[in-house]
Number of protein chains: 2
Amino acid sequence: MKVTIKEIAKRSGVSRSTVSRVISNHPNVDEETRQKVKKVMEELNYRPSRLAQGLVKGKINVVGLIIGDIRNPFYSELTRAIEDILNAEGYMVVLCDSDYNPQKEELYLRTAEELGFAGVIMTSAMETKELLQTLQSLSCPVVLLNRYLRAFETDVVSFDNYNGGYIAAEHLIKLGHRRIAILAGPNNSTSSKDRLRGYSDALRDYGLEYKEEEVTYGDLRWATGYEFGLHLLRRQERPTAVFAGNDLMALGIIQAYLDNGLKVPDDLSVVGFDDIPAAYMGAVKLTTVRQPQYEMGVEAAKLMLERIKGIPHAPKRIIFDAKLVIRESTKPII
Amino acid sequence: MKVTIKEIAKRSGVSRSTVSRVISNHPNVDEETRQKVKKVMEELNYRPSRLAQGLVKGKINVVGLIIGDIRNPFYSELTRAIEDILNAEGYMVVLCDSDYNPQKEELYLRTAEELGFAGVIMTSAMETKELLQTLQSLSCPVVLLNRYLRAFETDVVSFDNYNGGYIAAEHLIKLGHRRIAILAGPNNSTSSKDRLRGYSDALRDYGLEYKEEEVTYGDLRWATGYEFGLHLLRRQERPTAVFAGNDLMALGIIQAYLDNGLKVPDDLSVVGFDDIPAAYMGAVKLTTVRQPQYEMGVEAAKLMLERIKGIPHAPKRIIFDAKLVIRESTKPII
DNA sequence: TTGAAAGCGCTAACAG
DNA sequence: CTGTTAGCGCTTTCAA
């Protein structure tokens, strides 16, 4: 049924090797022969099997992308960027939602190996022994996006999460806030931890006390922010500000307040993290730490491409700076 | 370097066939032998090459997913559902953002063929001659999600877009609105066209006039809705209501009004389409036509699985009913 | 510039 | 229950 290289060879009166050469645009083919073969391929609507190519080459033009959850706009943007760059170079991207679950990541890495992926970009950020081990045994390049692994040296595109946390806290402090609640990201995520560390260092630098019991760890989803907002409303002593581990949760907190007749930033100042599109699409434009998602995705994809085709080189690290975008969700305390 | 079936065979003192049998869990293997082989595989951390498996089987455990734009929450949800189901059955999903561009879709379909995908799920919805042709020549099953192609019979999961448009219009009409603006989806999308048709039929049924020049076609993005909202604000005679082709655009329109000091639904009633999470996450909870995104994705994935493994059967069609979710973005005209 | 031959890692009859 | 054999569709030396 399927037309193969053999068929093309027969019909154009040359050997399979020659056909293979025209497939891969090898220079050592007589122009006339090349045209003849191409014509036959056209007529028969021939498509070389990448599976077969992959088998002999040991690699396939596919790169895996591991992210936390595609429903988080932050990852959607990243994914889109990576896809744009990689597709343009003839690579496909295979998606994997890890749900921030190291086991899923590991399983996926294994599959990448089995399928002979050209590379894997990891955006999800957990750190376990098993994962590290799998990573070590991987035969394709890996680039880390917004995460780092002490025990695994590789190309990294990252963001200055520490400073991001710092300037977020600083902003709130300078606005006069003292009672600040924190809804951080998962505490097994390196980036979330860095943000929190920056945050607490800022408190210390400004002579404020950082209480471990003041921080709540969330799963980065909007609903979790909403729940947290509701929780704050039930408290006797409400904080005057809150620092959220990402925009989605920040937006959830704000909505909980609005839905209960309170005002933001009047009753609560909120600063988020990421600057997803939704941050400026709502009623209260969010003050947040901007991460250039698309650009970060682009850089990661480029690094991957370099690593796949290029000559070996020492691991590269690209770090994006944190920038606070001040909008309407924060205001000075009276 | 890489450990292959040959190595395993040698080390465990059996033939490659036997190893192959334990890989695929074939019953005809002595339990003792099986354990012995498994142990060796374990020790050597052996991973069978799916590329090789795919080559001989002619198919690979991967299904392609073509969507409009992953940044649209509607597609994110769908994608997640499909991934969840397919991954659980050992299939990977490869993502393709078509940008609603038929050429991209076609190119992608070609790649699916070259890679020997087990199947392709198409959610993006353009209809061209070339695409149809490529579809016909495809050697793997295709399931269509929220689109149909007159000239291509296959499994379909769809939504009653026509009725969705109808009840949206009906709702507005019954609320007393007469001057209703329309920001429809792309007019080469079957689902968008159906919604519009339902809409216009409702007008007719209620004795209202449908003016072709009243409809604007948008690209389903938030920013486009926002622009449209601004545009409405500049008009002398403003409509009292607007029907948007999807929630993202509806939300954009609302925001344009809010940002300019107007109120929704007081100054404008808005009904959307999709019921994405953001529909109820904002200041004005959106009245919209609910499409059960996750469930639709699940059904599509199941259909795909059936088609891949199952015995051949006539094309199935699953149609989800339209349901209006009335929230706060619409109100009666005074 | 071209072809013959070997092989990538695995599966699938067919014998035994 | 197990091994032998023959490919799957393509690339890649090596000769010619």
Side-chain angles (χ1 to χ4, degrees), chain A residues 1-38 40-41 44-62 110-118 139-140, chain B residues 1-38 40-41 44-62 110-118 139-140:
Chain A
M1 272 307 73
K2 228 169 159 179
V3 25
T4 74
I5 202 175
K6 206 169 159 188
E7 181 71 14
I8 303 292
K10 187 159 48 164
R11 297 231 191 179
S12 42
V14 297
S15 73
R16 292 178 308 175
S17 334
T18 303
V19 177
S20 174
R21 287 189 191 99
V22 349
I23 289 174
S24 53
N25 267 313
H26 192 97
N28 282 358
V29 181
D30 185 84
E31 194 48 35
E32 202 175 328
T33 316
R34 186 189 302 277
Q35 291 314 328
K36 190 172 54 185
V37 174
K38 277 201 167 175
V40 176
M41 299 201 309
L44 270 60
N45 193 23
Y46 169 70
R47 316 244 104 228
S49 157
R50 291 217 210 168
L51 238 46
Q53 293 178 321
L55 181 57
V56 35
K57 296 237 183 93
K59 280 278 161 270
I60 200 176
N61 281 358
V62 169
R110 289 215 150 79
T111 314
E113 185 77 31
E114 293 175 4
L115 280 166
F117 282 7
S139 64
C140 68
Chain B
M1 273 304 75
K2 227 172 163 179
V3 25
T4 74
I5 203 175
K6 207 168 159 189
E7 181 73 13
I8 303 294
K10 188 160 49 166
R11 299 230 192 181
S12 42
V14 298
S15 72
R16 291 178 307 174
S17 336
T18 302
V19 178
S20 174
R21 287 191 192 97
V22 350
I23 290 175
S24 52
N25 267 314
H26 190 97
N28 284 356
V29 181
D30 184 82
E31 194 49 35
E32 202 176 328
T33 317
R34 186 190 302 277
Q35 291 312 327
K36 189 172 57 183
V37 174
K38 278 202 168 175
V40 177
M41 299 201 308
L44 269 61
N45 193 22
Y46 168 69
R47 315 246 105 228
S49 158
R50 291 217 209 169
L51 239 45
Q53 293 178 321
L55 181 57
V56 40
K57 296 240 183 93
K59 280 279 162 267
I60 200 175
N61 281 357
V62 169
R110 288 215 150 79
T111 314
E113 185 76 32
E114 293 175 4
L115 280 166
F117 282 7
S139 64
C140 69

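Just so it is clear, the structure is predicted and the values come from calculations on it, not from any experiment.
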Student: Using whole Å, what does the distance between atom C1' of nucleotide dT1(C) and atom NE2 of H26(A) come to?
Tutor: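 Interatomic distance, NE2 of H26(A) to C1' of dT1(C): 10 Å.
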
Student: Would you say S15(A) reaches dG3(C)'s phosphate, i.e. side-chain N/O to OP1/OP2 under 4.0 Å?
Tutor: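 The answer is yes; a side-chain N or O of S15(A) sits under 4.0 Å from OP1 or OP2.
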
Student: Should I5(A) and I23(A) count as side-chain neighbours, where that means a heavy-atom distance under 4.5 Å?
Tutor: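 Yes, their side chains come closer than 4.5 Å.
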
Student: Over all strands shown, is S20(A) touching base, sugar-phosphate only, or nothing at heavy-atom distances under 4.0 angstrom?
Tutor: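 Touches a base.
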
Student: When we call it a touch if two heavy atoms are under 4.0 Å apart, what does R21(B) touch: a base, just sugar-phosphate, or nothing?
Tutor: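 If one applies the 4.0 Å heavy-atom cut-off, R21(B) turns out to touch a base.
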
Student: Starting at CD1 of I5(B) and ending at P of dA12(C), how long is that distance when rounded to a whole Å?
Tutor: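 So the two atoms are 11 Å apart, to the nearest Å.
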
Student: Roughly how many Å is it from CZ in R16(B) to P in dA6(D), rounded to a whole number?
Tutor: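 It works out to 12 Å between those atoms.
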
Student: Below the 4.0 Å mark, does dT2(C) have OP1 or OP2 next to a side-chain nitrogen or oxygen of T33(A)?
Tutor: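 Checking T33(A) against dT2(C): at least one side-chain N or O falls below 4.0 Å of OP1 or OP2.
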
Student: Which heavy atom of R34(B) sits nearest a heavy atom of P27(B), and at what distance?
Tutor: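 Where R34(B) meets P27(B) most closely, the heavy atoms are NH2-O, 3.7 Å.
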
Student: Please compare S17(A) and N28(A) by the position of their nearest nucleotide in DNA chain C and report the one closer to 5'.
Tutor: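 Residue closer to the 5' terminus by nearest nucleotide: N28(A).
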
Student: For the pair made of CD in E31(A) and P in dT2(C), what is the distance, rounded to whole Å?
Tutor: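 Distance, rounded to whole Å: 10 Å.
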
Student: Compare the minimum distances between each of dT11(C), dT11(D), dG9(D) and the side chain of T4(A), then state the nucleotide with the smallest one.
Tutor: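 Looking only at side-chain atoms, T4(A) lies closest to dG9(D).
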
Student: Q53(A) CD to dC8(C) P: how many Å, rounded?
Tutor: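 Result: 18 Å.
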
Student: Do any side-chain nitrogens or oxygens of T18(A) fall under 4.0 Å of OP1 or OP2 in dG3(C)?
Tutor: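 T18(A) to dG3(C) OP1/OP2: side-chain N or O found under 4.0 Å.
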
Student: For L55(A) and V14(A), find the nucleotide of DNA chain C closest to each by heavy atoms; which residue's nucleotide sits nearer the 5' end?
Tutor: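 Its nearest nucleotide being more 5', the pick is V14(A).
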
Student: Answer yes if the side chains of E113(A) and S139(A) hold a donor-acceptor pair under 3.5 Å, and no otherwise.
Tutor: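 Checked: E113(A)/S139(A) side chains pair up, N/O donor to acceptor below 3.5 Å.
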
Student: Under a 4.0 Å N-O cut-off, is there an ion pair linking E7(B) with R11(B)?
Tutor: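 Yes, this pair counts.
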
Student: For the residue pair I8(B) and R16(B), establish whether any side-chain heavy-atom pair is separated by less than 4.5 Å.
Tutor: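 No, side chains not in contact.
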
Student: Whole-Å distance between dG9(C) C1' and K57(A) NZ?
Tutor: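 It works out to 17 Å between those atoms.
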
Student: Give one of base, sugar-phosphate or nothing for V19(B), where a contact means two heavy atoms less than 4.0 Å apart.
Tutor: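 No contact.
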
Student: From the options dT11(C), dG3(D), dT1(C), select the nucleotide whose nearest atom is closest to the side chain of D30(A).
Tutor: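 The answer is dT1(C), which lies nearest to the side chain.
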
Student: Nearest whole angstrom, please: distance from the C1' of dG9(D) to the CZ of R50(B).
Tutor: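 Distance, rounded to whole Å: 20 Å.
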
Student: When the distance from CZ of R47(B) to C1' of dC8(C) is rounded to whole Å, what number comes out?
Tutor: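 The answer, rounded to whole Å, is 20 Å.
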
